[in-house]
Amino acid sequence: MKKKILKVLGMGLSVYFVAFLAFILDLDGKALFYLYEPIITKHFDDMPRKDMTKMPYEMNKYPKYDDQI
Amino acid sequence: MSLPKIDMSIFPELQIKENIKFNVNGLKEWGETLVSDPAKALRWFWKGKELGTEMRLGDLYEDKTGLYKHREWRGFKDTFYYFNAIWLYNYGCAVKAILTSEDPIATLKGVFRYRWLGQDYLTVMHWFDRGLEGARGDALKASGWAYNGMVLETVRQFCRLCAADANLHGGKRNKYWYNTFAHDETVAGAIFYPWRDQGFDAVSLQMVPYFVGVHVNSQVVLNYIDAMQSIGLPGDPCPMCQAESGIFVLDDVPDYSPLCIVTNEACDDSVGTSITTDWFYDRPMFAMPQPMQFDDPLVQEHCANEIQMAWDFIEDQVGVPYSEESFVKYIKLQNILQEHEREKWEVAAKTSSYPLTGTAQALFRIYYSQSGWRKHWADNDERIMKIVKRCVEKKTDTFPLCRHRALAWSCAPLFYSHWCAWAYNTWGIVAVINMDSLMFDVVIRTDTHEHLMEDFALWNEWAPMRRMAVGGYKHIFECWENYERFNCDMVMMYDQLQCKGMTGIHGMFEDEFRNRNIPAIWMPHSLPDRRIVNRAEIRSIINDYMTTVMGEDPIDPSLLEFDDTQGW
């Protein structure tokens with residue numbers, strides 16, 4: 001039991017230490033900037049988008065909300 | 001089976017070994033000091049390097065990206081407070097708020113559907129870092145709570161947007177869609193209090209997709225500004241309205257509501273936004289103007305009628321009547337926040353114990369008063385009030401490097417709201433209060449319906465950028481009385497280059513500054529667009545003024561010049 005508690009405590013402390021290392025070295029910022037951002041930027045740049053200017057500008061004509069809950 | 005190939009060309013700047021700097025020089029220096037001067041090394045460890053003499057914050061930045069080689073060591077207690085109660089806590093808070101929201105899966109889908117969500121908000125902790133640089137002790141704690149309030153509100157809004165969004169539910173409109181009101185970010189959330197206890201909620205169309213996002217990550221908004229100009233809009237109208245409209249042009253607005261309320265606030269350009277909203281967000285819309293010349297008593301009645309008409313419109317659309325009980329309940333709660341705000345202003349004006357940084361006080365105040373009362377605002381406000389009271393009782397000097405108390409006037413650069421932290425650490429300039437913090441300064445009477453509507457109409461007119469900036473020149477000239485009131489010795493005058501109203505009064509301000517012998521620094525900017533005047537240029541203008549006009553030396557010379565052009 002004592003061993004188990006020590007093990008859990010040790011694991012908890014290790015996670016805490018790794019998190020602190022990530023914090024102090026700004027690893028979250030670096031990962032977001034160098035890894036996540038290029039991928040997500042490309043994803044959004046490549047995303048097909050509706051041409052909103054093709055939408056007619058009509059006054060007082062709205063879509064029908066016939067699926068009322 | 002082969003693994004999918006990763007297209008490495010998407011990492012054009014990814015030369016990790018060259019770019020990423022893990023600075024161990026600080027640790028090396030500390031080790032050497034430990035040998036040569038153990039007492040000093042222990043002091044550095046326990047209290048951190050002394051700001052103003054030993055600390056060189058500029059050395060912490062990576063060139064161009066603004067990332068940190070390592071985060072600031074603020075001393076043992078403050079570093080671990082920042083790590084535990086701000087960094088870990090806020091990441092945890094955000095995850096918990098998403099997981100306990102209406103539809104967490106929809107939020108996850110939203111991250112990959114909407115650029116403003118997928119790209120802006122994961123960088124949130126860097127927003128904290130930039131705004132809290134150099135803050136210690138109670139200033140760090142109080143400002144951290146202000147930022148936390150903004151995180152919780154932002155998460156609430158984007159979770160609700162995603163939960164109600166028909167785009168993320170295969171075009172199907174769910175119960176959240178029918179029970180959410182869409183509105184301009186300059187239509188106050190308080191307008192919707194009468195339905196808050198009746199199963200409805202309101203989320204602004206632009207507050208999270210545009211406004212807050214620019215503070216956190218100033219790159220994303222450029223897509224929206226360019227999109228609006230790509231369909232023919234000239235580049236000189238207000239970039240706020242360009243960005244708000246550009247979100248529609250790029251089809252990046254969630255389809256989350258059966259109706260929409262828009263307004264002319266802050267100015268005529270917002271009327272343009274209303275037109276694009278009417279076009280692209282094709283659904284029943286009510287335009288609820290907020291009068292500009294609010295001094296005329298007849299205007300109050302007119303404004304109250306406009307609000308009443310907006311409520312009638314909502315009733316017609318959703319079939320649920322206005323509830324005065326719900327309205328009064330939230331107005332009373334909102335009044336408490338307003339009374340606390342006045343207490344905080346008193347402390348800011350009369351002592352050096354006000355613990356909120358310039359950025360924290362401005363954004364917290366504007367955000368909660370614009371989006372309306374929520375429990376997380378009230379809880380965090382209570383926490384801040386406790387710290388304020390403690391600081392006053394102990395006479396804590398919360399910003400010990402302070403050389404100048406600045407009044408920040410007019411509309412601030414959204415992409416550089418954290419200039420306050422930079423100015424404090426570099427020149428000892430503390431932004432005591434800013435113009436838009438002083439709007440909505442009405443404790444609304446709730447004793448009779450007439451008083452309620454009279455005060456609520458006035459409150460609605462005293463909105464950001466309206467109370468002073470567009471409310472007539474005598475109101476923008478309230479600058480002088482607030483300069484006295486907050487015991488300032490300097491004005492940081494924001495110069496929004498594309499704001500025609502403020503440009504029109506530029507010369508009168510210059511004359512007044514000269515006549516009153518007030519040191520004023522003009523800070524040119526273009527609200528969200530960092531390309532017109534960039535951060536380095538703003539810093540250089542302040543540096544020039546402080547050296548040539550004020551004849552002062554910087555507190556931290558490492559912050560005078562650095563390149564953060566690629567930073568968030």
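Numbers restart at 1 for each chain; the letters A, B, ... are given by sequence-line order, proteins then strands. Computed from heavy atoms alone, side chains included, the values below leave out hydrogens, waters and symmetry copies.
A side-chain donor-acceptor contact under 3.5 Å links B/Tyr68 and B/Glu133. At a cut-off of 3.5 Å, with distance as the only test, a side-chain donor of A/Tyr16 or B/Asn84 sits close to an acceptor on the other residue. When only modelled atom types and interatomic distance are considered, B/His169 and B/Asp103 share a side-chain donor-acceptor pair under 3.5 Å.
Taking the six-membered ring where the residue is Trp, B/Tyr91 and B/Trp87 present perpendicular rings, their angle passing 60° and hence far from 30°. Between B/Phe200 and B/Phe181, the ring-plane angle classifies as parallel under the 30° and 60° cut-offs.
Figure legend: B/Arg173 and B/Tyr178 shown without cation-pi pairing, the cationic atom not lying both under 6.0 angstrom from the six-membered ring centre and within 45 degrees of its axis.
Without hydrogens or angle criteria, A/Lys30 side chain to A/Leu25 main chain gives a donor-acceptor distance under 3.5 Å.
Interface summary for chain A: among B/Asp129, B/Val111, B/Val220, B/Asn223, the most heavy-atom pairs under 4.5 angstrom belong to B/Val111. Chain B forms the most heavy-atom pairs under 4.5 Å with one residue out of A/Asp28, A/Ile40, A/Asp51, and that residue is A/Asp28.
Heavy-atom distances place both the backbone and the side chain of B/Trp279 under 4.5 Å from chain A. With a 4.5 Å cut-off on non-hydrogen atoms, A/Met47 touches chain B through its side chain but not through its backbone. With a threshold of 4.5 angstrom between heavy atoms, B/Phe80 approaches chain A through side-chain atoms but not through N, CA, C or O. Using a 4.5 Å cut-off between heavy atoms, B/Ile231 contacts chain A through its side chain alone, with no backbone atom that close.
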| request: Show your reasoning for whether side chain to side chain contact (heavy atoms under 4.5 Å, CB included) applies to B/Tyr176 and B/Asp165. | output: CA-CA 8 Å; B/Tyr176 299 119; B/Asp165 183 14; over 6 Å; no
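Identified by a heavy-atom distance below 4.5 Å to chain A, the contributing residues of residues 114-122 of chain B are B/Tyr114, B/Arg115, B/Gly118, B/Gln119, B/Leu122, in residue-number order.
With sequence neighbours left out, the side chain to side chain contact (heavy atoms under 4.5 Å, CB included) criterion links B/Ala227 to B/Val249, B/Leu250.
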